[in-house]
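This is a predicted model, so every value here is computed, not measured. The residues of the chain are indexed from 1 along the displayed sequence.
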Amino acid sequence: MRCYVFPGQGTQKKGMGRGLFGRFPDLRRRADRVLGYPIEELCLENPERRLSDTAYAQPAIYVVNALHWSAAQEDLPPADFLAGHSLGEYSALFAAGAFDFETGLTLVRRRAELMSQVSGGAMAAVVGLSEQIVQETLEQHGATGVVIANYNAPEQFVLSGSREELARIKPVFEQVEGVRGFVPVRVSGPFHAPAMAPAADRFRSLLASVEVGELRTPVISNVTGRPFGPDAQEVRDLLADQIARPVRWTDCIRYLRDAGVSAFTELGESKVLTSLIDRITTAMDAAPDPAPDAEAKPARQPAEEPAPDPRRILIERIKREILQPEIGDEALAFDEDASFRQLGLNSIIYVRLARRAGTVLGVPIKPDVIFQHRSCAALADHLLTRDDIAGAAAPEASPAPLREYRDERVTALLRDCADGTLTVDRTIEAIRALA
């Protein structure tokens with residue numbers, strides 16, 4: 001089964017949605033009418049750095065997520081489940097039919113305004129520690145005003161509280177054994193914490209007048225880690241509660257995996273959720289089987305190393321070595337079965353991709369081959385049938401520069417940077433803190 005996931009605040013960046021506003025002009029016009037300003041200009045040019053302001057960032061992310069959803073409806077197979085991280089939950093509910101695009105954008109705009117009015121707080125990500133150690137550290141050092149706001153992965157949590165308290169406990173966490181970073185989050189307040197209760201109450205009043213339709217596809221709630229029920233009032237209540245309660249993303253993904261979801265596709269301007277999902281599912285696969293009674297089962301024995309899958313390897317090479325140099329990091333999270341049309345590729349790009357594919361694989365490839373096999377998976381399947389490519393498609397020995405570092409904490413931070421969990425600036429800041 002397949003689940004589409006939508007990212008939330010913190011993924012905003014200048015240039016977001018490029019190539020999609022022109023593809024879906026009606027959606028852009030509808031957004032402009034609701035917001036009263038040109039959303040394409042905000043996303044592509046970021047005038048006066050407004051995307052760093054919650055009041056502008058949340059509507060922008062919702063609109064760009066909707067653009068990606070519109071593209072997915074044309075290019076991707078249907079989803080069995082939908083989910084979104086914090087703000088992204090509104091994108092999931094819109095995609096499921098809970099409300100129309102304009103209603104969702106109106107809710108997001110008001111939510112952003114209310115949340116931006118709560119000042120004096122901040123958020124910070126703690127990477128590398130278990131939930132138990134995070135909680136014990138907060139309690140031992142009297143940080144009663146700081147709470148876990150996001151359960152993002154088994155060893156990644158986001159704290160929410162006052163700026164002063166977060167600044168006070170930052171050096172404390174940086175000295176805890178195993179910590180890989182204590183990094184500020186790009187938000188303007190203490191989201192998903194008790195301090196947001198007044199905003200949640202005001203938002204609840206607005207939700208009371210909103211009609212919520214039947215969900216066509218199950219959506220997982222951040223608050224419960226379970227699907228929203230059929231009761232419209234429950235949906236309203238959980239959306240209001242979400243502002244002041246933790247985002248239980250780890251529970252959401254665990255539920256989806258247990259429900260049979262094996263394919264997660266992130267729709268939006270980020271691959272952060274893809275990285276978090278990989279961490280959660282990897283931890284689930286590595287966990288020992290639970291004991292049915294007092295006599296515990298022995299821990300699950302590690303499986304033998306699977307043989308390399310030439311098809312999987314070639315798909316990843318197409319993404320990293322052929323697509324990424326032409327279109328950027330969006331290629332890394334691109335669904336392998338999606339049409340290249342989703343990327344806005346024109347005939348000139350097909351020529352450039354063909355040239356790059358020929359250079360990467362060392363054999364001539366015509367543009368019409370790329371055009372006829374317009375997805376990573378289809379192109380890989382075709383290439384593997386060619387005798388002149390089968391050998392060239394085999395991976396070379398992967399360099400492992402990260403192994404040269406003796407400090408395992410630095411190695412882990414570099415890996416977090418490589419998979420998109422931490423930005424370069426935040427990685428440098430965390431390494432300096434370790435020093």
Side-chain angles (χ1 to χ4, degrees), residues 1-12 16-17 19-20 23-24 27 61-101 104-105 108 152-153 213-222 224-228 235 238-239 242 247-281 315 319 329-343 375-377 420:
M1 288 195 288
R2 179 182 296 268
C3 178
Y4 294 147
V5 298
F6 297 90
Q9 192 167 348
T11 61
Q12 68 271 18
M16 60 193 293
L20 291 175
R23 184 173 169 184
F24 302 103
L27 206 63
I61 293 167
Y62 173 84
V63 172
V64 172
N65 283 355
L67 291 171
H68 281 277
W69 168 245
S70 298
Q73 289 182 286
E74 295 183 3
D75 300 330
L76 300 179
D80 300 289
F81 290 92
L82 297 164
H85 188 283
S86 187
L87 168 66
E89 192 166 84
Y90 289 79
S91 301
L93 287 167
F94 156 63
F99 37 69
D100 59 28
F101 172 74
L105 183 54
V108 166
N152 282 342
E214 182 179 355
L215 304 185
R216 295 187 294 265
T217 305
V219 178
I220 309 303
S221 164
N222 284 184
T224 66
R226 296 291 183 272
F228 284 96
V235 176
L238 288 174
L239 287 178
Q242 189 222 65
V247 173
R248 298 190 174 276
W249 187 247
T250 300
D251 289 344
C252 293
I253 301 307
R254 286 172 175 164
Y255 175 87
L256 288 164
R257 270 293 298 271
D258 289 342
V261 173
S262 58
F264 293 89
T265 302
E266 186 169 358
L267 302 180
E269 296 290 311
S270 160
K271 60 179 183 296
V272 172
L273 295 185
T274 301
S275 174
L276 294 178
I277 291 168
D278 286 345
R279 294 179 180 213
I280 296 166
T281 55
I315 288 173
K319 290 183 179 182
D329 288 344
E330 185 177 356
L332 301 180
F334 190 59
D335 190 283
E336 64 186 54
D337 294 315
S339 168
F340 292 156
R341 287 179 51 213
Q342 183 177 345
L343 301 170
S375 74
C376 296

Given the rule in the side chain to side chain contact (heavy atoms under 4.5 Å, CB included) test, do Thr274 and Phe264 qualify, once you have shown the distances and angles that lead to the verdict? CA-CA 7 Å; Thr274 301; Phe264 293 89; over 6 Å; no

Sequence neighbours left out, what passes side-chain hydrogen bond (donor to acceptor under 3.5 Å, both in side chains) with Arg226? Give chain and number order. none

So, using side-chain hydrogen bond (donor to acceptor under 3.5 Å, both in side chains) as the criterion, who are the partners of Trp249 when residues are at least two apart? none

Enter the distance from [X]:[atom1] to [Y]:[atom2] here, rounded to the nearest 0.5 Å.
X      : Y      : atom1 : atom2 : answer
Ile277 : Thr250 : CD1   : OG1   : 10.5 Å
Glu74  : Phe24  : CD    : CZ    : 4.5 Å
His68  : Tyr4   : NE2   : OH    : 13.5 Å
Leu256 : Ile220 : CG    : CD1   : 4.5 Å
Cys252 : Leu276 : SG    : CG    : 12.0 Å

Can you find a pair of side-chain heavy atoms, one from [X] and one from [Y], that are under 4.5 Å apart?
X      : Y      : result
Val247 : Glu89  : no
Phe6   : Leu273 : no
Ile61  : Met16  : yes
Asn152 : His85  : yes
Ser70  : Leu27  : yes
Leu87  : Asn65  : no

At their closest point, which heavy atom of [X] faces which heavy atom of [Y], and how far apart are they?
X      : Y      : result
Arg216 : Ala95  : NH2-O, 3.5 Å
Cys376 : Lys319 : SG-CG, 3.9 Å
Gln242 : Ser86  : NE2-O, 3.1 Å
Pro7   : Thr11  : CB-CG2, 3.7 Å
Glu269 : Val64  : CG-CG1, 3.4 Å
Gly84  : Ala92  : N-CB, 4.0 Å

Sort out for me which residue in Thr217, Leu215, Val5 forms a side chain to side chain contact (heavy atoms under 4.5 Å, CB included) with Leu82. Thr217

Taking the inter-plane angle between the rings of Phe101 and Tyr62 on a 0 to 90° scale, is it parallel (under 30°), tilted (30 to 60°) or perpendicular (over 60°)? parallel

